[in-house]
Number of protein chains: 4
Amino acid sequence: MVFQVRPDSPVPIYEQIAAQVVFGVAAGDPPPGSLVPSVRELASQLIVNPNTVARAYQELERQGILESRRGLGMQVTTKAPELCETRRMEIIRQRLLHAVREAAASGLTADDVRSLVEEEWTRASGRARRRGREERT
Amino acid sequence: MVFQVRPDSPVPIYEQIAAQVVFGVAAGDPPPGSLVPSVRELASQLIVNPNTVARAYQELERQGILESRRGLGMQVTTKAPELCETRRMEIIRQRLLHAVREAAASGLTADDVRSLVEEEWTRASGRARRRGREERT
Amino acid sequence: MVFQVRPDSPVPIYEQIAAQVVFGVAAGDPPPGSLVPSVRELASQLIVNPNTVARAYQELERQGILESRRGLGMQVTTKAPELCETRRMEIIRQRLLHAVREAAASGLTADDVRSLVEEEWTRASGRARRRGREERT
Amino acid sequence: MVFQVRPDSPVPIYEQIAAQVVFGVAAGDPPPGSLVPSVRELASQLIVNPNTVARAYQELERQGILESRRGLGMQVTTKAPELCETRRMEIIRQRLLHAVREAAASGLTADDVRSLVEEEWTRASGRARRRGREERT
DNA sequence: GTGGTCTAGACCACG
DNA sequence: GTGGTCTAGACCACC
């Protein structure tokens, strides 16, 4: 599981972190019953305040995706995969909806938008794939 | 020129307003030399504080898209259309990039994303077209 | 008497106009008893709202430099030259004081300031002289 | 770093504050990487509204002189000193230009202006020097 | 604690 | 009527 936050995004960092946990769980990593990285570990990895990570986890706990195991850490629940698959689609759909809606309002044509999406997808997925490879190394 | 803000969006309202002015000018409405709606008028129309609109206009003035005419209002500059076409692409590209990047990170496939985009585009552009028609009525 | 306003100056336009009348009267043009340009004439010459000129004149009337002659216009008073010489020094001193004070606070040296003053003086007085010549033509 | 604003100046307070930060950075205090006084702190020190200080800082951020560090404060950028030396000269030159131009238009002679400048410089720099000494105490 | 955004409402300069 | 500046004070995201 690799995390990455964009401080310049309008999306709050704790939401970015929460979304990435959701994406990971939806993809089967980490699996139910396993522990997510500790607040301090993830915070130091992302160079982010521990409170920010804690808030992301707290949010996920509220959604039934994580549960706190005293003295152990935060554990992925058994129903998490199902919840996360749903959440993932909701999140992505929501983000794309906002972006596409704005593109539509901007006067661009459907083709403009399609080609922009293809272009950015190539960039973004290329990067994601490379990251994935490095990670497995 | 029809404006619409989403107070629940993570994007600041003043940026939403500024973006919509950019989109409008890029589409030729309002044309160079004309006045944008007054701060107070637009504020009351959007049910938003005048300062919020003023901040959007101030941002656009800084970018050379508007200029303040003492006692008259804010005027679209002659070079605004050119600037706005560029800005429009930057804004949309940026938004799509964020959304698509997140979609890529989420583990969705290219086809998932494409079909989501098509679906949301149909919804969004349909709405935009209807709004346009109503406006012309 | 030639007027010139700088809309980009932080000094309000009506004060700029009033100051220029003061400078003119202090230099003997227009002389006591003569009429200053009408509000409308000066306003159209400066491409400025008549109210703005009216306010400048009203300010000067309050200071005893102009007096309103019904149906004629605004007349330079007999004591105006004396008042204007004093006002002129006050105005210039005040402006220079502000500028020099800021220069002192900025950490520039006395020589930096002197050379800046000489440079700007050459530019400004050169332009003023040229304007004077053109005017006499 | 000592700040001082003149509420009666025609120059907006937020510009006065921004200019003083520029002067300070140009003089090496505060150095790159350090934090400027917090918005609230400076506001209470200057007996000014926090928004006014925030606007000054925002202006400087736009110019690349400061950058916001989430939850920490506003940090002087590495390229700030260079930018500030340039900005300092621009600001002072601009102010002196306005004042000198007006002096030239007023009919004063070069010597009048020079002696006024010397006089005001002595006053202003004397005061600045005294303030500096007190500050170091 | 930090800055960022927004609201509400004042006064000023200008048309 | 217009925008520009300033004040006062709210809530949010983050440290």
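A, B, ... follow the sequence lines: proteins, then strands. Residue 1 opens every chain.
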Considering non-hydrogen atoms only, spot the tightest contact between B:R87 and B:Q63 and give its length.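 Here B:R87 and B:Q63 meet closest at NE-OE1, 3.4 Å.
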
Which heavy atom of D:T77 sits nearest a heavy atom of D:G64, and at what distance?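 Closest approach of D:T77 to D:G64: OG1-O, 2.8 Å.
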
Would you indicate what [X] reaches in the nucleic acid, counting non-hydrogen atoms under 4.0 angstrom: base, sugar-phosphate, or nothing?
X	value
B:R40	base
D:I13	sugar-phosphate
D:E41	nothing
D:Q75	nothing

Rounded distance (Å) that lies between atom [atom2] of [N] and atom [atom1] of [X]:
X	N	atom1	atom2	result
D:N51	F:dC6	CG	P	11 Å
B:N49	F:dC6	CG	C1'	13 Å
C:Y57	E:dC14	OH	P	16 Å

Closest-nucleotide ordering on DNA chain F, the 5'-leading residue of A:Y14 and D:P50: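 Here D:P50 is the residue nearer the 5' end.
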
Tell me the partner of F:dA10, counting only Watson-Crick (N1-N3 plus N6-O4 or O6-N4) or G-U wobble (N1-O2 and O6-N3) with both under 3.5 Å; none if nothing fits.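 Here F:dA10 is engaged in a pair, and the nucleotide opposite it is E:dT5.
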
Side-chain N,O (D:S38) to OP1/OP2 (E:dG1) below 4.0 Å: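 Looking at the OP1 and OP2 atoms of E:dG1, neither is under 4.0 Å from any side-chain N or O of D:S38.
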
